Amino acid sequence: DDEPSQQSWQGPQHIIGLCELYETNPNHSDAPKWKEAIRMYCDDYLAKLIEINNFNLVPVGLYKSKNPGGNQKIGEYWLRYLTVTDNDAFAGGINANIASTGIGFLFASKILHDEKLISMAQRQIDWIVGLNPLNASTIEEVGHNQPIRFINTTLNIPPLIAGAVMNGIGGTIEDKPHLNAGSWQNCEYWTPQVAHVMWLMAELQTNLK
């Protein structure tokens with residue numbers, strides 16, 4: 001497949017499901033295979049991609065036949081970490097993708113007993129709350145330097161909502177961070193972002209207890 005991975009708004013739901021399958025049926029005859037698949041996906045795939053990113057982000061896509069911008073490559077594949085949100089592109093920021101992948105890391109860490117995966121999950125939420133090149137949090141009233149939210153000027157909604165999660169930081173064609181204050185691409189509140197960020201925070205709190 002020339003484009004085997006495209007995670008534009010949510011990450012690996014399949015790994016979360018596989019972890020839940022293992023936890024529900026740990027004595028199943030195929031359970032060792034499920035566990036090894038989880039390890040391979042986290043350690044041999046995602047961890048390798050995270051290690052070559054300065055902020056330990058998970059990528060949004062892999063490409064074999066073309067450079068999608070950014071000149072970043074691993075093995076046979078080009079990759080990019082940020083969805084293209086400048087030039088009025090029809091794409092949102094990466095908050096839902098990285099938060100849901102962080103959830104997958106935490107589920108896998110319990111099965112593999114691997115604390116490294118907890119750290120990887122933490123780095124995804126770190127980016128969202130401001131540990132990024134723009135020093136901007138994209139959760140209202142959490143962290144600092146939140147951009148102006150997207151407002152429907154016809155209906156004058158939504159109001160500022162504490163805890164609301166924006167689409168998040170996206171990228172230029174060259175895969176450099178991009179954040180346009182007030183744009184729907186970066187600054188619109190959206191349920192997948194809110195749900196995955198809340199879920200990730202709850203899982204991190206559980207792991208810290």
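Side chains are part of it too, since the values below use all heavy atoms of this structure and drop only hydrogens, waters and symmetry mates. These numbers come from a predicted model, not from an experiment.
- Within the structure, salt bridge (charged side-chain N to carboxylate O under 4.0 Å, His left out) pairs that include any residue of residues 128-137 do not occur (at least two apart or interchain).
- Each side-chain hydrogen bond (donor to acceptor under 3.5 Å, both in side chains) pair with one or both residues in residues 15-26, not counting sequence neighbours, would appear here, but there are none.
- The list of ring-ring contact (aromatic ring centres under 6.0 Å, His included) pairs with a residue in residues 128-164, not counting sequence neighbours, is empty.
- Partners of Asp43 by side-chain hydrogen bond (donor to acceptor under 3.5 Å, both in side chains), not counting sequence neighbours, listed by chain and number: Lys116.
- The ring-ring contact (aromatic ring centres under 6.0 Å, His included) pairs that include a residue from residues 45-64 are Tyr41-Tyr45, Phe55-Trp127, where partners are two or more places apart or lie in different chains.
- Evaluation of the side-chain hydrogen bond (donor to acceptor under 3.5 Å, both in side chains) test over residues 155-170, restricted to residues two or more places apart or in two chains, returns Asn167-Gln193.
- Residue pairs meeting the salt bridge (charged side-chain N to carboxylate O under 4.0 Å, His left out) criterion with at least one member in residues 90-103, sequence neighbours excluded, do not occur.
- Evaluation of the salt bridge (charged side-chain N to carboxylate O under 4.0 Å, His left out) rule for Glu76 yields Lys64 as partners, not counting sequence neighbours.
- Other cluster members for Tyr189: Leu160, Ile161, Met166, joined by side-chain heavy-atom distances under 4.5 Å among Ile, Leu, Val, Met, Phe, Trp and Tyr.
- Within a 6.0 Å radius of NZ in Lys73, other residues, nucleotides and ligands contribute more than 12 heavy atoms.
- Partners of Glu174 by salt bridge (charged side-chain N to carboxylate O under 4.0 Å, His left out), not counting sequence neighbours: none found.
- Under the rule for a salt bridge (charged side-chain N to carboxylate O under 4.0 Å, His left out), Asp2 has no partner lying at least two apart in sequence or in another chain.
- Screening residues 158-184 for ring-ring contact (aromatic ring centres under 6.0 Å, His included), with sequence neighbours left out, gives Phe90-Trp184.
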